[in-house]
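Labels below follow one simple rule: chain letters A, B, ... track the order of the sequence lines, proteins then strands, and each chain is numbered from 1.
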2 protein chains.
Amino acid sequence: MPNTHIPGSQHSPNALSLAENVIKALSIDNLVFGLDDDDLKILLVKQTDPLHQGKWALPGGWIRYDENLRDAAYRLLEELTGVRDLYLEQLKTFGRVDRFPSERVVTIAYYALVSADKFSLVAGQSAADVSWQSVNKLPELVYDHAEIIEHGLKVLRHQVCHQPIGFNLLPEKFTLLQLQALYEAILNTTLDKPNFRRKIMKMNLLSPCNEKQQGVPHRAASLYRFDAEAYKHLSESGFAFEI
Amino acid sequence: MPNTHIPGSQHSPNALSLAENVIKALSIDNLVFGLDDDDLKILLVKQTDPLHQGKWALPGGWIRYDENLRDAAYRLLEELTGVRDLYLEQLKTFGRVDRFPSERVVTIAYYALVSADKFSLVAGQSAADVSWQSVNKLPELVYDHAEIIEHGLKVLRHQVCHQPIGFNLLPEKFTLLQLQALYEAILNTTLDKPNFRRKIMKMNLLSPCNEKQQGVPHRAASLYRFDAEAYKHLSESGFAFEI
DNA sequence: TTATCTTGTTGTCAGATGGACAATAAGCTA
DNA sequence: TAGCTTATTGTCCATCTGACAACAAGATAA
């Protein structure tokens with residue numbers, strides 16, 4: 001099992017003074033989002049120590065002294081899930097004086113988006129105490145992790161409307177309805193199919209795969225992929241993504 | 001003179017081990033924005049030590065062990081400028097391994113908006129080596145401060161279009177043209193006066209002061225103030241601010 | 001073979017919005 | 001009182017948005 005290094009879970013309260021080669025008082029917590037059908041989920045770790053029996057936590061760990069912040073978040077993700085190449089962005093730094101017991105620990109939260117291709121890999125790869133949980137039905141969480149997730153959801157809901165990042169949650173090739181379902185799941189709303197389709201297509205961000213869905217019991221939809229090059233060009237000439 | 005506590009400026013390279021009662025390796029840097037007529041400015045501190053002769057830095061300092069992050073940013077701002085009640089938000093945490101010489105220092109950047117009422121107070125209150133600099137003509141900066149400011153500007157330009165925060169840069173009572181000039185200065189663009197006016201007024205976020213500008217050599221414009229209550233109500237019912 | 005079901009895709013239309021710009025109003029200065 | 005500057009209102013048209021109808025394409029079942 002990879003060393004998940006959750007502050008306060010795998011360590012006793014005075015673990016800080018034992019940890020070697022890390023920046024003391026500074027940790028990483030990762031918000032890993034994935035889409036399970038039409039349900040937005042987040043990756044959580046079950047706590048095993050008696051103090052937090054039954055509670056869950058964000059996966060995280062310590063930042064090494066000679067390691068960039070982003071690299072640390074990335075390393076911790078890979079150690080936990082075995083998955084690389086995720087969309088990863090810094091969320092916010094949380095440092096309330098009493099957020100962590102007995103020691104002052106400031107944590108830098110990152111959020112990651114896992115593509116549908118890798119969704120089932122992520123939790124399977126690692127220990128049984130790591131699992132996807134619906135963001136609409138979160139279990140009890142340790143420390144300020146509920147607050148961090150709440151903020152993360154707020155930012156995700158905003159970002160997804162203003163940056164083309166939602167594609168990172170889909171498989172490489174997807175249908176327009178899958179894309180629509182993604183927005184409906186994240187924003188917790190419903191959208192008009194024809195209008196959504198037009199809006200997306202007008203942006204010229206999708207390139208057709210010239211393929212159709214397979215094995216569906218109805219007319220198969222066309223598959224598209226996100227065209228990162230096109231987005232780069234468009235945004236350089238003042239285009240603003242907007243849902 | 002207030003103790004500005006710039007990491008690496010007022011301290012020798014091994015200052016970290018001398019500093020008492022702070023979280024080691026963790027600092028705050030503040031991006032303080034203000035509007036000088038139609039020019040967006042940022043508050044910088046001139047470096048005095050021989051190593052950084054002539055360079056400038058963001059005002060910052062150390063976080064105390066028993067102090068919340070936001071409180072630290074606030075305290076440092078007040079110590080430097082004597083001004084309170086600024087709009088203050090966390091920007092991002094910067095921690096590249098080699099961003100700071102000889103010691104690993106991670107810094108949490110905050111950005112503040114200073115109202116036009118207080119603009120001239122801010123730099124005047126403190127030492128001569130603190131001054132407003134146009135964001136379009138920045139001097140040479142120490143460490144990664146140029147990168148931090150660049151990111152801050154990007155975030156400010158985005159936020160100002162999606163949240164009603166621009167008002168924090170104006171005096172309490174302002175004209176519609178002042179508001180327009182603010183957006184033009186920050187976004188570095190020009191806007192159509194009648195259309196801008198309509199767009200703003202339709203939002204119902206401004207309440208009229210029933211007063212007019214004084215001492216202008218032309219027809220005086222009506223004064224308005226931002227109605228925070230109205231915004232609260234509107235945003236609760238799904239309203240999204242958008243310029 | 002044909003009806004029927006489900007989803008994909010295109011069309012239509014009224015109302016809202018946004019950008020360009022004309023027109024008028026109000027106050028100061030010469 | 002004319003002329004200047006800015007404030008404020010009005011108009012027009014292209015585009016966008018949301019609601020919903022209509023048609024197309026497969027798959028399944030009678």
Side-chain angles (χ1 to χ4, degrees), chain A residues 37-38 116 160-162 164 170-171 173-185 187-225 234 237-243, chain B residues 37-38 116 160-162 164 166 170-171 173-185 187-226 234 237-243:
Chain A
D37 274 318
D38 299 348
V160 94
C161 288
H162 297 285
L170 294 177
K173 302 173 181 183
F174 52 85
T175 70
L176 291 171
L177 193 61
Q178 279 179 289
L179 186 61
Q180 180 181 342
L182 178 152
Y183 281 99
E184 291 182 337
L187 302 176
N188 213 21
T189 182
T190 61
L191 300 165
D192 181 86
K193 210 192 314 190
N195 293 339
F196 179 80
R197 175 194 189 79
R198 249 189 302 273
K199 193 163 184 170
I200 294 292
M201 293 310 275
K202 181 142 38 84
M203 293 185 192
N204 287 113
L205 291 178
L206 300 188
S207 54
C209 301
N210 300 316
E211 285 179 58
K212 302 228 169 232
Q213 265 181 321
Q214 299 289 331
V216 284
H218 54 75
R219 177 176 174 183
S222 296
L223 292 170
Y224 298 88
R225 79 181 85 219
L234 285 169
S237 42
F239 165 81
F241 182 87
E242 186 86 42
I243 295 289
Chain B
D37 274 317
D38 299 347
V160 93
C161 288
H162 297 284
L170 294 177
K173 301 173 181 181
F174 52 86
T175 69
L176 290 173
L177 193 60
Q178 280 179 287
L179 186 61
Q180 181 182 340
L182 178 151
Y183 281 99
E184 293 181 336
L187 302 178
N188 212 21
T189 183
T190 61
L191 300 165
D192 181 86
K193 208 189 321 186
N195 293 339
F196 179 81
R197 176 195 188 79
R198 248 188 303 273
K199 192 163 186 171
I200 294 292
M201 294 311 273
K202 181 144 37 85
M203 294 186 193
N204 286 112
L205 291 178
L206 301 188
S207 54
C209 302
N210 300 316
E211 285 179 58
K212 302 224 170 239
Q213 264 180 320
Q214 299 289 330
V216 284
H218 53 76
R219 177 175 174 184
S222 295
L223 292 170
Y224 298 88
R225 79 181 85 219
F226 174 64
L234 285 169
S237 41
F239 164 80
F241 182 86
E242 186 86 41
I243 295 290

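Taking only distance into account, the side chain of Arg219(A) meets the base of dG8(C) through a donor-acceptor pair shorter than 3.5 Å. The base of dG11(C) lies close enough to the side chain of Arg198(A) for a donor and an acceptor atom to sit less than 3.5 Å apart. Between the side chain of Asn195(B) and the base of dG18(C) there is no donor-acceptor pair of N/O atoms closer than 3.5 Å.
Counting non-hydrogen atoms under 4.0 angstrom, Leu177(B) reaches the backbone sugars and phosphates but no base.
Side chain of Asp192(B), nearest nucleotide from dG10(D), dG8(C), dA20(C): dA20(C). Checking dA22(C), dA20(C), dT10(C) against the side-chain heavy atoms of Pro194(B) singles out dA22(C) as nearest. Candidate nucleotides dC28(C), dA20(C), dG18(C) were compared by shortest atom distance to the side chain of Lys199(B), and dG18(C) ranks first.
An OP1 or OP2 oxygen of dA7(D) is reached within less than 4.0 angstrom by a side-chain nitrogen or oxygen of Lys193(B). Taking 4.0 angstrom as the limit, Arg197(A) places a side-chain polar atom (N or O) nearer than this to OP1 or OP2 of dT10(C). Under 4.0 angstrom from either OP1 or OP2 of dT8(D) there lies at least one side-chain N or O belonging to Ser222(B).
In this structure, CD of Glu211(B) is placed 17 Å from P of dA7(D), rounded to the nearest angstrom. One can place NZ of Lys212(B) at 16 Å from P of dT6(D), the figure rounded to the nearest angstrom. Between the CD atom of Gln178(B) and the P atom of dT8(D) there is a distance of 12 Å, given to the nearest Å. Atoms CG (Leu191(B)) and P (dA7(D)) sit 14 Å apart, rounded to a whole Å. As a whole-Å value, the separation of Gln214(B) CD from dG27(C) P is 12 Å. Atom CG of Leu179(A) and atom C1' of dT7(C) are 17 Å apart (whole Å). Put simply, NE2 on His218(B) is 11 Å from P on dT8(D), counting in whole angstrom units. Atoms CD (Gln213(B)) and C1' (dT8(D)) sit 13 Å apart, rounded to a whole Å.
Under the 4.5 Å side-chain criterion, counting only non-hydrogen atoms from C-beta, Leu205(B) is in contact with Phe239(B). Counting only heavy atoms from C-beta outward, the side chains of Pro164(A) and Met203(A) never approach each other to under 4.5 Å.
Crowding of Glu242(B) atom CD: a count of heavy atoms from other residues, nucleotides or ligands under 6.0 Å exceeding 12.
Of all non-hydrogen atoms in Ala185(B) and Asp38(B), the two that sit nearest each other are CB-O, 3.2 Å.
A donor-acceptor pair under 3.5 Å is absent between the side-chain atoms of Gln180(A) and the main chain of Arg197(A), judged by distance alone.
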